[in-house]
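Remarks on the structure that follows.
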Amino acid sequence: MPEHTECLADDGRIHVLKMRRSGRRHLLVDVDDPEGRRVGSVSLPMDVDRTTIEGLDPQSIYRVRVRRARLWERCRHPDRWFTVRPQTHDLRVLITGTGRSGTQTLAHYLDGQHFTDGTLAHARHQPLDDWMLDAFLAKDTAFVKLEQRGALHNVESAPYYSIYPDVVCAEKTIMVIRDGRKVVQSGLNRGWYTREIRWDRIKPDYGLGQFESSCRLWVECNANAAALADRIFRLEDLVLGGESLREFNEAVGLVAGDRQLPHSNRGSAAVSVLPWSDAQNRTFDEICGDLMDRHYAGWRG
């Protein structure tokens, strides 16, 4: 396969982007109209990450081929094809919550299922994240919205929308919440608020220590997501399946089925909360206690 690329539909245009800009390859992009006529050919050199084919009919469906420029590389890397209508539209479903709350698991679960109108669910977990992180840092809301409205998938699952809820472009939004103790501990394990990486730089800066900041992030992200969510589900209930998963399927608009959440990761539900100090327990209660009471009654016991 050629270097991993993605297409975004725009009104009368198609954008082709390299997914990981650190891996440089010279690519060729060809666009054919519904009759198979070539309407565009563009070179995407090693030092260029994005190209746009313009002047297309928004009502037509085009075939886009991405291939390696070097002939000898094509023997080992088959062409990649996309089918694109150059027209924007909101995502059908967006799923969000704090990081470490099962958004990746839910994307795997939803992909390939069917909506009640017969449409196939194409679910993706934080697609184009390399581009999206840069866009959030640059406050490039136009690109963030295009990534959703020009997506070739119809379901997206990503935690960063709970940090930036104003940019959501979806017909329906589902929020998934996970026990704050598990989220905070998982964040501590992964080094939240201690790393100089883009994932940490897009998070709110509370000017506090790692533990307090992670607690406040859990509260703020869930508050943001709840304000725009059509439905809210606890990850722990979805992992168990049964009635909660049936209600989730109904809220998303899926045909009833017996698929369970993937065993791999399953929202990392097994993360152990390390023994916290008395001071940390008090801090968690002070910052997160009210929200825990609303969603995890009796959690102190």
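When a residue number appears, it is its place in the shown sequence, counting from 1. All values below come from the heavy atoms of this structure, side chains included, with hydrogens, waters and symmetry mates left out.
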Residues Asp30, Arg63: salt bridge by 4.0 Å N-O rule: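 Salt bridge: no.
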
Do the charged groups of Glu250 and Arg246 touch, with an N to O distance under 4.0 Å?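 Result for this pair is yes, salt bridge flagged.
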
Return the minimal non-hydrogen interatomic distance between [X] and [Y], and the atom names on each side.
X	Y	answer
Leu245	Arg259	CD2-O, 3.6 Å
Met132	Phe143	SD-CE2, 4.1 Å
Trp299	Met292	NE1-CB, 3.4 Å
Ser101	Leu235	O-CD2, 3.5 Å
Ala226	Met175	N-SD, 3.4 Å
Pro159	His125	CD-NE2, 4.4 Å

Could you state the interatomic distance from [atom1] ([X]) to [atom2] ([Y]), rounded to the nearest 0.5 Å?
X	Y	atom1	atom2	result
Met46	Leu27	CE	CG	10.5 Å
Leu28	Ser41	CG	OG	8.0 Å
Arg38	Arg65	CZ	CZ	5.5 Å
Arg50	His15	CZ	NE2	5.5 Å
Ile202	Tyr160	CD1	OH	8.0 Å
Gln59	Ile61	CD	CD1	10.0 Å

So, applying side-chain hydrogen bond (donor to acceptor under 3.5 Å, both in side chains) with His4, which one of Arg25, Arg80, Lys18 is it? Arg80

Stepwise side-chain hydrogen bond (donor to acceptor under 3.5 Å, both in side chains) check, Trp199 with Asp129: CA-CA 10 Å; Trp199 274 107; Asp129 59 343; 4.7 Å; no

Please answer whether the main-chain N or O of [Y] pairs with a side-chain N or O of [X] as donor and acceptor at a distance below 3.5 Å.
X	Y	value
Asp111	Ala123	yes
Thr116	Val255	no
Arg195	Arg190	yes
Asn281	Ser277	yes
Thr88	Arg149	no
Ser162	Gly97	yes
Arg74	Arg68	yes
Asp90	Glu171	no
Thr5	Leu17	no
Gln87	Ala9	no

Side chain to side chain contact (heavy atoms under 4.5 Å, CB included) for Thr52 and Ile14? Distances and angles first, verdict last. CA-CA 6 Å; Thr52 300; Ile14 296 174; over 6 Å; no

Between [X] and [Y], is there a shared hydrophobic cluster once you connect ILVMFWY residues whose side-chain heavy atoms come closer than 4.5 Å?
X	Y	value
Leu120	Val155	no
Ile197	Leu128	yes
Val183	Leu208	yes
Val29	Val48	yes

Set of residues satisfying side chain to side chain contact (heavy atoms under 4.5 Å, CB included) with respect to Asp47, sequence neighbours excluded: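 Result, side chain to side chain contact (heavy atoms under 4.5 Å, CB included) vs Asp47: Pro45.
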
Under the side chain to side chain contact (heavy atoms under 4.5 Å, CB included) test, which residues partner Asn224, sequence neighbours left out?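 Listed in chain order: Pro165, Glu220.
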
Looking at side-chain heavy atoms only, is the closest gap between [X] and [Y] below 4.5 Å?
X	Y	value
Phe82	Leu152	yes
Leu106	Leu238	yes
Phe233	Ile177	no
Ile53	Arg13	no
Tyr62	Asp57	yes
Val252	Leu110	yes
Arg85	Pro58	no
Val16	Glu6	no

If you count every heavy atom of other residues, nucleotides or ligands that lies below 6.0 Å from Asp290 atom CG, does the total exceed 12?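 Counting neighbours around CG of Asp290, 12 or fewer heavy atoms of other residues, nucleotides or ligands fall under 6.0 Å, so no.
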
What do you reckon, is CZ of Arg234 surrounded by more than 12 foreign heavy atoms closer than 6.0 Å? yes

Apply side chain to side chain contact (heavy atoms under 4.5 Å, CB included) to Trp192 and Ser213, showing your working. CA-CA 9 Å; Trp192 283 2; Ser213 294; over 6 Å; no

Arg37 vs Asp32, test: salt bridge (Lys or Arg N to Asp or Glu O under 4.0 Å). Steps then yes/no. CA-CA 5 Å; Arg37 296 186 297 253; Asp32 296 340; over 6 Å; no

For Glu156 and Tyr161, does a side-chain donor sit closer than 3.5 Å to a side-chain acceptor? yes

Within 45 degrees of the ring normal and closer than 6.0 Å to the centroid, is that where the cationic atom of Arg92 sits relative to Phe115?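 So Arg92 does make the cation-pi contact.
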
For Tyr109 and Gln260: C-alpha separation, side-chain torsions, deciding distance, then whether side-chain hydrogen bond (donor to acceptor under 3.5 Å, both in side chains) applies. CA-CA 7 Å; Tyr109 169 75; Gln260 299 297 306; over 6 Å; no

Please walk me through it: do Asn222 and Leu291 pass side chain to side chain contact (heavy atoms under 4.5 Å, CB included)? CA-CA 9 Å; Asn222 282 307; Leu291 187 58; 3.7 Å; yes

Are Trp131 and Phe136, when compared by the centres of their aromatic rings, separated by less than 6.0 Å?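 No, ring centres 6.0 Å or more apart.
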
Between Glu286 and Phe284, is a side chain to side chain contact (heavy atoms under 4.5 Å, CB included) present by the stated rule, with each step listed? CA-CA 5 Å; Glu286 291 168 2; Phe284 181 83; over 6 Å; no

Show the numbers, then the answer: is there a salt bridge (Lys or Arg N to Asp or Glu O under 4.0 Å) between Lys182 and Asp179? CA-CA 6 Å; Lys182 295 291 184 70; Asp179 187 320; over 6 Å; no

List the steps and the verdict of salt bridge (Lys or Arg N to Asp or Glu O under 4.0 Å) for Arg67 and Glu73. CA-CA 9 Å; Arg67 56 198 171 110; Glu73 290 186 338; over 6 Å; no

